[in-house]
Amino acid sequence: MNLYNTYGKQYWWPADNDIEMMIGAVLVQNTNWSNVETALKNFSSWHGHKILNMPLDTLIEVIKPAGFYTRKAQTIKNLLSWFETYQFDKQKLESIPTLDLRNELLSIHGIGEETCDCILLYLFNRPVFVVDAYLKRLLIRTGHPEMKSYQKIQKYMMDSLPLDTYLFQEFHALIVAYGKDHLKPIPHPTLTDPLNDETPFVSYSLAQIQEISNQPFIAMMIDTYGYIQRPSHPDPFWGIIYAIVGQLISAPAAKTIMKRFTDTFPTQEAVRDASIEDLKSVGLTLSKADYISLIAQEMESGNLNLNALYEMPDDQAIKELTRLKGIGVWSAKIILIHSYNRLNLDTYEDIALRNSVKSFLQLEEMNRDTFEHYFKSYEPYRSIACIYHWYYIAQIK
């Protein structure tokens with residue numbers, strides 16, 4: 001998800017037609033994409049018959065900027081000869097099972113596993129994960145055991161991710177984008193590595209998102225914005241403070257005050273020892289300062305055990321949190337989502353959420369019954385739907 005937030009949607013494969021895609025997959029063998037682009041610009045036509053009938057020497061001159069041109073020219077001829085048997089029409093291959101189609105491609109002289117899988121994934125939209133040098137380096141860098149065979153790495157990736165063609169396309173393209181910046185022998189010296197970002201986020205998997213991706217809103221959001229992350233507060237004490245700070249003010253204002261608060265009172269002890277006036281000085285109202293002070297004192301005395309909430313079901317945890325002065329139902333749910341990683345909560349009390357759903361559904365008004373019926377369709381991942389709706393309303397304001 002960090003990669004998507006850094007590089008955005010990749011719109012791969014970079015080709016305008018099927019023949020260009022296939023030839024690009026061959027040309028990129030053992031070279032960089034800029035050389036491939038130069039070679040592709042030399043083609044005057046993308047008609048399969050015309051390229052197939054082109055003299056080999058002429059084709060070699062056309063693709064020379066991509067290197068290894070003699071071998072690649074013959075591979076292109078072999079590949080197009082195979083595609084010609086299907087009238088250069090990929091729809092005629094739709095009924096062929098993926099494994100059988102893969103075996104057909106691998107039987108073509110000059111087509112290896114990586115090239116084959118690029119064609120399967122991007123041209124025929126088959127859910128196979130492409131293994132390239134960048135992926136191998138990334139797995140080693142991120143502490144995965146070294147797997148030398150293409151098949152083992154591919155199986156590992158496909159077992160770890162939902163079986164989804166679009167996801168495989170986007171993830172592979174993002175790894176390539178990241179690899180160009182950070183996985184070369186000499187990485188770019190001035191770029192921040194997005195995979196070293198230690199910001200904590202609400203934790204949910206691609207598989208969990210996939211379970212609700214059939215909902216029109218989530219499908220639209222994934223297509224437009226990709227996989228969205230929501231900063232979390234893993235320490236429940238700070239999660240409670242964040243919830244109190246955010247009561248009845250905008251998200252940007254809450255973020256500003258929260259930063260000022262943590263800069264001034266960086267530890268639980270500093271909060272406990274601060275006077276009400278000290279707490280107010282960072283922008284809190286008197287009541288909010290009082291609530292935070294009381295909670296800090298309760299924590300210090302041992303009367304408040306926030307760890308006990310980890311074992312409680314949602315309803316009981318909400319009940320326990322709302323016993324605290326200053327914590328209502330909205331605050332309790334915000335705390336449970338952001339500090340306890342509860343993934344099946346929504347909150348009608350959240351104005352931004354109500355406005356987001358109302359906007360998406362194009363409603364004049366939003367009542368509780370409509371709201372709750374809408375979020376019921378996202379179970380057991382209502383919190384993930386909330387995260388996407390919070391993001392959505394922030395974009396359309």
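Here the structure is a predicted model, which is why all the values come from computation and not from measurement. By convention here, the first residue in the shown sequence is residue 1. Only heavy atoms go into these numbers, but all of them, side chains included; no hydrogens, no water, no symmetry mates.
Heavy-atom contacts from other residues, nucleotides or ligands closer than 6.0 Å to CD1 of I396 number more than 12. Counting heavy-atom neighbours within 6.0 Å of D315 CG, excluding the residue itself, gives a total of 12 or less. Counting heavy-atom neighbours within 6.0 Å of L106 CG, excluding the residue itself, gives a total above 12. For E311, the CD atom is loosely surrounded, since the number of other residues' heavy atoms within 6.0 Å does not exceed 12. For NZ of K255, the number of neighbouring non-hydrogen atoms (other residues, nucleotides, ligands) closer than 6.0 Å is 12 at most.
There is a path of hydrophobic side-chain contacts, each under 4.5 Å, that joins L3 to L139. A single hydrophobic cluster is seen to contain both F168 and Y166, as judged by linkage of ILVMFWY side chains at heavy-atom distances under 4.5 Å, directly or through other members. Cluster membership check: Y310 shares its hydrophobic cluster with V202, using side-chain heavy-atom separations under 4.5 Å among Ile, Leu, Val, Met, Phe, Trp and Tyr. There is a path of hydrophobic side-chain contacts, each under 4.5 Å, that joins Y150 to V176. A single hydrophobic cluster is not seen to contain both L294 and F237; linkage of ILVMFWY side chains at heavy-atom distances under 4.5 Å, directly or through other members, places them apart.
For T347 and E349, the side-chain atoms include at least one donor-acceptor pair closer than 3.5 Å.
At least one side-chain heavy atom of L138 sits under 4.5 Å from a side-chain heavy atom of L195. Taking the side chain as every heavy atom from C-beta outward, Y134 and Y178 never approach each other to under 4.5 Å. In this structure, the side chains of F265 and I241 stay at 4.5 Å or more apart for every pair of heavy atoms. Side-chain contact check for I318 versus L345: some heavy-atom pair is nearer than 4.5 Å. Residues Q29 and T115 have side chains in contact (heavy-atom distance under 4.5 Å, counting atoms from C-beta outward). Inter-residue side-chain proximity for I63 and N42 is flagged as unmet; no heavy-atom pair is nearer than 4.5 Å. Two residues are said to be in side-chain contact when any heavy atoms from C-beta on lie closer than 4.5 Å; Y392 and S359 meet this criterion. Side-chain contact between V36 and I23 is absent, with no heavy-atom pair separated by less than 4.5 Å.
Checked by atom type and distance alone, the side chain of Y388 pairs as donor or acceptor with a backbone atom of I228 at under 3.5 Å. Under a 3.5 Å cut-off, the side chain of T262 and the backbone N or O of M258 do form a donor-acceptor pair. Panel note: side chain T322, backbone K319; a donor-acceptor pair is recorded below 3.5 Å. When atom types are taken as modelled, the side chain of E114 and the backbone of V130 share no donor-acceptor pair closer than 3.5 angstrom. Side chain of D290 to backbone of L286: no donor-acceptor contact under 3.5 angstrom is found. Not one N or O on the side chain of K90 forms a donor-acceptor pair closer than 3.5 Å with the backbone of F124. At least one donor-acceptor pair closer than 3.5 Å links the side chain of T38 to the backbone N or O of S34. R230 places no side-chain N or O within donor-acceptor distance of the main-chain N or O of W390, the cut-off being under 3.5 Å. A donor-acceptor pair is defined here as one N or O able to donate and one able to accept, closer than 3.5 Å; such a pair exists between the side chain of Y122 and the backbone of Q169. A side-chain donor-acceptor contact under 3.5 Å links T256 to the backbone of P252.
Interatomic distance, CD1 of I108 versus CG of L79, reported as 5.0 Å (0.5 Å rounding). Expressed to the nearest 0.5 Å, how far CG of L284 lies from CD1 of I292 amounts to 5.0 Å. Atom CG in L121 sits 8.0 Å away from atom CE in M21 (nearest 0.5 Å). Atoms CD1 and CD1, from I257 and I249 in turn, are 4.0 Å apart once rounded to the nearest 0.5 Å. Note: L336 CG to M312 CE = 10.5 Å, rounded to the nearest 0.5 Å. Between the CD1 atom in I244 and the CD1 atom in I334 there is a gap of 13.0 Å [rounded to 0.5 Å].
Salt-bridge check for R141 with D193: passed, with a basic side-chain N closer than 4.0 Å to an acidic carboxylate O. Salt bridge R354/E365: absent, no basic N to carboxylate O contact under 4.0 Å. In this structure, E269 does not pair ionically with R272, as no charged nitrogen and carboxylate oxygen lie closer than 4.0 Å.
When every heavy atom of F43 is checked against every heavy atom of A39, the shortest pair comes out as CD1-O, 3.6 Å. Minimum heavy-atom separation, I111 to T75: CD1-CG2, 3.7 Å. Among all heavy-atom pairs drawn from L279 and A274, the shortest one is CD2-CB, 3.9 Å. Here the closest heavy-atom approach between residue I19 and residue W46 is recorded as CG1-O, 3.4 Å. Between I327 and A332, the closest heavy-atom pair is CG2-N, 3.9 Å. Residue F88 comes nearest to L52 through the heavy atom pair CZ-CD2, 4.4 Å, listed as atom of the first residue, atom of the second, then distance.
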**Study point:** Verdict with supporting geometry, Y225 and Y391, side chain to side chain contact (heavy atoms under 4.5 Å, CB included)
**Key:** CA-CA 9 Å; Y225 300 108; Y391 191 90; 3.6 Å; yes

Point to revise | Check against side chain to side chain contact (heavy atoms under 4.5 Å, CB included), I51 and V62 | key: CA-CA 11 Å; I51 298 173; V62 169; over 6 Å; no

Point to revise | side chain to side chain donor-acceptor pair (under 3.5 Å) evaluation trace for D346 with Y378 | key: CA-CA 10 Å; D346 59 61; Y378 292 101; over 6 Å; no

Practice item. Go through the steps for I387 and Y381 under the test side chain to side chain contact (heavy atoms under 4.5 Å, CB included), then give the verdict. Key: CA-CA 10 Å; I387 288 169; Y381 300 119; over 6 Å; no

**Study point:** V26 and M22: CA distance, side-chain angles, deciding distance, side chain to side chain contact (heavy atoms under 4.5 Å, CB included) verdict
**Key:** CA-CA 7 Å; V26 173; M22 296 178 87; over 6 Å; no

Sequence neighbours excluded and cut-off under 3.5 Å, please list the side-chain donor-acceptor pairs for residues 94-105, or say none.
residue : atom : partner : partner atom : Å
T98     : OG1  : R126    : NH1          : 3.0
R102    : NE   : D117    : OD1          : 2.8
R102    : NH2  : D117    : OD1          : 3.4
R102    : NH2  : D117    : OD2          : 3.0
N103    : ND2  : L99     : O            : 3.3
E104    : OE1  : W82     : NE1          : 2.8
E104    : OE1  : Y86     : OH           : 2.9
E104    : OE2  : Y86     : OH           : 3.1

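Cation-pi geometry between K64 and Y69 is met: the NZ or CZ atom falls under 6.0 Å from the ring centre, inside 45° of the normal.
Taking the ring centroids of F217 and Y374, they lie at or beyond the 6.0 Å cut-off. Less than 6.0 angstrom separates the ring centroid of F375 from the ring centroid of F371.
Note on ring orientation: taking the six-membered ring where Trp is involved, the planes of F129 and F171 are perpendicular (angle over 60°, cut-offs 30° and 60°).
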